[in-house]
Structure formats: C-alpha cells, structure tokens
There are 2 protein chains.
Amino acid sequence: MSTKNMKIQLQCIACQSRGDSHFSNLEEEQLEILSEHKSCVTYKKNQTLFYEGTRPMGIFCINTGKVKVFKMGSNGKEQILFIAQKGDFLGYRSLLSEEFYGASATVLEPAAICFIPKSDFLKVLHSNPEFFGKLMKAVCHELGVMETKLAQLSQKSVRERLAATILMLKETYGMEGEGSEVIDIVLSREDLANIVGTATETVIRLLSEFKSDKMIALEGKKIKVLDADKLLHEADFYG
Amino acid sequence: MSTKNMKIQLQCIACQSRGDSHFSNLEEEQLEILSEHKSCVTYKKNQTLFYEGTRPMGIFCINTGKVKVFKMGSNGKEQILFIAQKGDFLGYRSLLSEEFYGASATVLEPAAICFIPKSDFLKVLHSNPEFFGKLMKAVCHELGVMETKLAQLSQKSVRERLAATILMLKETYGMEGEGSEVIDIVLSREDLANIVGTATETVIRLLSEFKSDKMIALEGKKIKVLDADKLLHEADFYG
DNA sequence: CGAAAACCATGACAAAAGTCATGTTTTCTA
DNA sequence: TAGAAAACATGACTTTTGTCATGGTTTTCG
C-alpha cells in the first residue's frame with residue numbers, strides 16, 4: 001500500500017455528507033465556488049490535519065471518519081475539546097477570528113476530508129447572509145456548549161464526568177445491538193481520559209467498576225451500555 | 001435611599017462607554033434605533049441581570065461597573081465563566097443561538113447598564129453586515145478563550161490557576177501604585193474560588209502562601225501584586 | 001510470522017484538594 | 001451604633017485523584 005494519502009475528486013454538490021453540514025442549503029452557484037479549488041484527501045489514523053499555533057489556510061470539511069480536536073498542555077497531556085465527525089467543519093473559527101489555530105486536530109479513524117481554501121470559503125460566506133447567520137448561530141451554540149463543559153469539569157467528580165461522557169458518546173455514536181447500545185467509536189483509554197480530563201489509570205479503574213456494577217460491558221475497545229439509567233444516576237443528572 | 005433602581009436616560013450616541021464597545025463604529029441612524037426603546041438602569045451590588053434557563057429578551061450593555069457571569073452547579077457552587085465590564089455586551093450570544101440563557105449574570109459592584117430589546121438589536125445587526133462580521137469575530141475569539149480556560153482547568157493545579165488568575169486580573173484591572181500593581185476589583189474569596197474552580201478555603205490558604213512568599217500583598221479585599229515574575233513562574237507559563 | 005511497541009489492567013503509595021470545625025474580623029443593617 | 005450576619009482565616013482530617021511500578025495483552029510492522 002502506498003504511503004501517500006489517496007486523493008479523491010468529487011464535487012461538493014454531489015457530496016454525501018453535505019446534507020449533514022452547514023452547507024446543506026447553499027445554492028448551486030456557491031457550491032461550485034467551493035468545489036473549484038478544494039481538495040479531498042483520505043487520511044489514516046493518527047494523521048494530523050493541523051497544529052495548534054499555526055496559521056489557518058482554509059477549512060476542513062469531514063466527509064467520513066472522526067477527528068479529535070485538542071489542546072496540548074505543558075505537561076504533555078492533551079485535553080480533547082470535542083470530536084468532529086461527518087458533516088462537521090473544522091478550522092473556520094480561527095479563520096473568522098483571524099487567529100492562529102488554538103488547537104490541533106488528529107484523525108481517530110480512517111477519514112475522507114475536504115479542504116476548501118480560505119478565500120473561496122470567505123467569498124461564499126460574505127455573499128450569503130443567510131449562511132453567515134447560520135454559522136453565527138452555530139458558533140454561539142458551540143460557545144454555550146463549551147461553557148457547560150467548563151462548568152462540569154469544575155463541578156463534577158471524575159466518576160460523574162466519565163459516566164456523563166459515556167452517555168454522551170452513546171447519544172452520538174450509539175447503535176442498537178441486541179437490546180443494549182454499542183458505542184461505535186474506537187477510543188483508547190488515554191483518549192477517553194483526555195476527554196474526561198483525568199489520568200488514564202483513573203479511567204481504566206472506573207471503567208472496571210462500571211463493568212462490575214453491570215452498567216457497561218467492554219467489548220475490545222468498544223463500550224456497550226447495559227444500564228443507561230444507572231449511568232445517568234452516576235452522572236448526577238438531577239442534583 | 002430608595003429601594004428602587006435609578007433610571008437614567010441617555011442617548012447611545014452620547015454614551016461614554018460606546019468607544020469601548022462593539023457599537024463603536026455604528027452610524028448615527030443605527031444608534032438612534034438602538035436608543036429608541038432602550039432603558040438604562042443603575043444596579044446595586046448583588047442584583048441579578050438575568051438567570052440561567054430564562055428566555056433572553058434583549059441585550060445588556062455595560063456602561064459602568066462589573067458583572068460576573070456564572071453557571072450554577074448541582075452542588076450549589078458557582079463556576080464563574082468571565083467577568084464583564086465597561087463596554088461589554090451580555091446576553092447577545094443566547095439571543096443569536098435562540099436558546100435560553102446558559103448562565104446567570106450578577107452585578108459585583110454598583111453598575112449602570114443599558115437594556116436594548118431584542119428586535120431593535122437584531123434590526124441593526126441585520127442591516128449592518130460589517131457590525132455582524134465584527135460580532136462574529138468576537139464570538140469566535142471568545143470561543144477560543146473558553147477552550148483555553150477549559151484546557152487549563154483540566155491541566156493545571158489549583159496553585160497554578162490561582163497565580164494565573166491573579167495575573168489575569170492584574171492585566172485587566174491593574175493600577176500602578178507606588179511601584180506595585182493594585183488590582184482594582186473587589187472579589188470575595190468565594191468569587192475568586194469560583195473563577196479558579198476550587199474551594200474557598202483552598203484559595204484563602206494559597207493567598208496566604210503567596211503573601212508569605214512576598215508575591216502579593218493583601219489590602220483589605222484588594223490584592224496587590226508585588227512580584228509578577230514569581231507569580232508567572234508559579235503559573236507555569238513556560239512548561 | 002514474530003519481535004517490538006503500544007496499550008490495558010491493577011496494586012501500592014503519595015500528593016493534592018476538599019470538608020468540617022472553630023475562632024476572628026469585617027460588613028451590613030435595623 | 002450595636003448586634004447579627006457574612007466573610008476571612010487556620011487547623012485537623014478525609015477523600016479523591018494522580019503517580020509509579022509491574023505484568024499481561026493486543027496491535028503493528030519489518
């Protein structure tokens with residue numbers, strides 16, 4: 001197998017993931033502008049889309065696959081801010097605030113991702129107030145989500161946060177399987193710890209406990225949720 | 001003294017704090033729209049502008065004074081997200097994402113704050129792409145700031161975060177006084193703890209240590225920075 | 001395929017931070 | 001302005017979480 005990433009060419013207008021994205025309501029003409037200079041590349045696991053501290057040159061649009069977005073701490077530990085998937089944009093926030101990337105983005109599983117140069121994206125953005133408004137709304141929503149994460153990090157125990165994280169993953173990646181929900185994302189214990197904001201060993205220990213308590217089952221790296229109510233209770237979603 | 005808040009009337013166009021705000025470049029016509037239905041009220045310490053979970057009806061524009069914006073945890077502890085001051089807008093984020101307020105806002109010191117109804121604000125916003133773009137840029141920047149806070153909360157010790165918080169306060173509210181910087185904001189130890197994300201007692205203990213180590217002096221509730229370099233060192237701003 | 005590397009798991013221990021109790025000081029307000 | 005309430009301070013102790021060490025398991029890749 002070649003070590004080079006495979007390039008695939010596809011018009012945005014025919015993109016399978018467009019319906020899930022902010023591009024869903026764009027007009028044909030504007031989709032053509034976006035397609036003009038875009039490149040679509042397949043990435044392998046662990047490849048990095050962009051690094052914290054570098055200058056954004058355009059936006060990434062995820063076609064398939066999952067991408068972790070994280071900040072590196074001085075201790076060498078990552079804090080994962082969110083996980084992006086099909087239809088999500090990456091990098092437009094730094095583009096609009098005209099700052100360097102505030103985080104890095106690394107592929108978690110094989111992915112197909114388009115890159116649209118800054119100028120084309122901005123051209124469409126400024127010629128389409130409705131699109132601009134939609135994006136504004138999305139950014140405002142994201143800010144609210146991030147504030148909630150901050151407060152929970154500060155106010156909840158690791159145990160509560162892990163339970164909440166498993167439930168969140170279930171909501172996002174859950175697949176019904178023989179009565180229980182299998183979470184369809186492969187995360188190392190370390191990545192999971194970096195979402196929760198704790199040490200890897202602590203996550204491993206708590207997962208073992210949750211397993212003993214029959215709340216989850218571990219199938220290889222995948223987590224199966226056996227008792228969502230009990231997890232909800234652990235996450236302290238009532239006070 | 002009356003228990004009612006005092007109303008003062010002033011045109012936005014003549015507002016002293018406008019130069020510090022996102023409204024600085026608006027045209028006369030648009031300022032008049034904003035002025036039309038606005039009300040400007042003085043608030044006393046501990047009065048609340050809006051509560052988490054309620055519906056936003058407009059935006060607040062701070063003329064003078066300081067306001068803490070926070071989320072309440074199930075344990076009854078606040079997490080302060082940021083402190084707003086002269087020229088800052090509050091509440092426009094929830095307005096734009098069309099969600100309920102995600103946080104509460106309470107006045108820290110006597111303040112004069114204007115309220116502009118939703119419809120007037122949106123009218124101006126949508127009639128002025130440049131203003132919209134400016135606000136978008138601001139929100140994107142805020143999102144980056146919030147992500148940084150999240151990562152630091154997860155990756156730094158309480159001691160490091162307190163040192164960083166004191167330095168941040170110095171940057172924002174510092175006033176040169178006989179060689180050292182007096183931080184011109186009155187925060188209870190509890191509020192400070194709720195910024196740092198820790199227990200009140202822990203903050204008190206660490207402040208005592210910082211004082212013993214001659215990094216700060218405590219003058220009543222106000223903090224004076226004696227050795228910013230040493231604080232920077234404590235905050236671990238190099239790795 | 002098979003060795004090396006990465007990852008998972010668990011125990012033992014240490015450190016960080018939280019909680020509770022108590023006393024003092026400051027601030028508010030009737 | 002005096003009494004009450006809130007805020008500050010500190011000690012003693014507990015709990016939570018992190019770190020280090022070790023061994024087993026899985027994955028990767030030459």
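Throughout, protein chains are lettered first and strands after them, A, B, ... in sequence-line order, and every chain is numbered starting at 1.
- Aromatic ring pairs are classed by plane angle as parallel below 30°, tilted from 30° to 60° and perpendicular above 60°; the pair B/Phe89 and B/His22 is perpendicular.
- Summary of the strand contacts: B/Arg159 and A/Leu187 both lie near DNA chain C, and taking for each the nucleotide with the nearest heavy atom, the more 5' one is attributed to A/Leu187.
- The NZ-P distance, from A/Lys156 to D/dT16, rounds to 16 Å in whole Å.
- Whole-Å rounding puts the B/Leu162 CG to C/dA16 P distance at 15 Å.
- If you measure from atom NZ of A/Lys222 to atom P of C/dC7, you get 18 Å, rounded to the nearest angstrom.
- Ranking D/dT19, C/dA17, D/dT10 by closeness to the B/Val158 side chain, first place goes to C/dA17.
- Remark: the A/Arg205 side chain and the D/dT19 base include a donor-acceptor N/O pair separated by less than 3.5 Å.
- Each of B/Lys211 and A/Arg161 was matched to the nucleotide of DNA chain D holding its nearest heavy atom; the match closer to the 5' end belongs to B/Lys211.
- In this structure, the nucleotide among C/dT10, C/dT19, C/dA17 sitting nearest to the side chain of B/Lys77 is C/dT19.
- Inter-residue side-chain proximity for A/Gln79 and A/Phe70 is flagged as unmet; no heavy-atom pair is nearer than 4.5 Å.
- With D/dT17, D/dA9, C/dA9 as the candidates, the nucleotide lying closest to the side chain of B/Leu218 is D/dA9.
- Side-chain nitrogen and oxygen atoms of B/Ser188 include none within less than 4.0 Å of the OP1 or OP2 phosphate oxygen of D/dA6.
- Among the atoms of the strands shown, none is found under 4.0 Å from any heavy atom of A/Thr200.
- Going from atom CG of B/Asn46 over to atom P of D/dA6 covers 11 Å, rounded to whole Å.
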Start with the C-alpha gap between A/Asn194 and A/Lys77, add the side-chain angles, then the distance that decides, and say whether side chain to side chain contact (heavy atoms under 4.5 Å, CB included) holds.
-> CA-CA 8 Å; A/Asn194 292 338; A/Lys77 222 158 45 183; 3.9 Å; yes
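- Residue B/Thr202 places at least one side-chain N or O under 4.0 Å from the OP1 or OP2 atom of C/dG18.
- Applying the 3.5 Å distance criterion, the base of D/dC20 shares a donor-acceptor pair with the side chain of A/Glu201.
- A/Phe60 has its ring centre less than 6.0 Å from the ring centre of A/Phe50.
- In this structure, A/Ile204 places its CD1 atom 12 Å from C1' of C/dA6, rounding to the nearest Å.
- When each of B/Ile166, B/Thr202, B/Asp191, B/Thr165 is checked for a side chain to side chain contact (heavy atoms under 4.5 Å, CB included) with B/Val196, only B/Thr165 meets the rule.
- Per the geometry, CD belonging to B/Glu209 stands 13 Å off C1' belonging to D/dA9, to the nearest Å.
- Remark: P of D/dT26 and CZ of A/Arg189 are 12 Å apart, rounded to the nearest angstrom.
- Separating the CG atom of A/Leu192 from the P atom of C/dC7 is a distance of 14 Å, rounded to the nearest angstrom.
- Closest approach to the B/Lys221 side chain among D/dA7, D/dA9, C/dC8 is made by D/dA7 (side chain taken as heavy atoms from C-beta onward).
- For the pair B/Lys45 and B/Leu206, both in contact range of DNA chain C, the more 5′-proximal nearest nucleotide belongs to B/Leu206.
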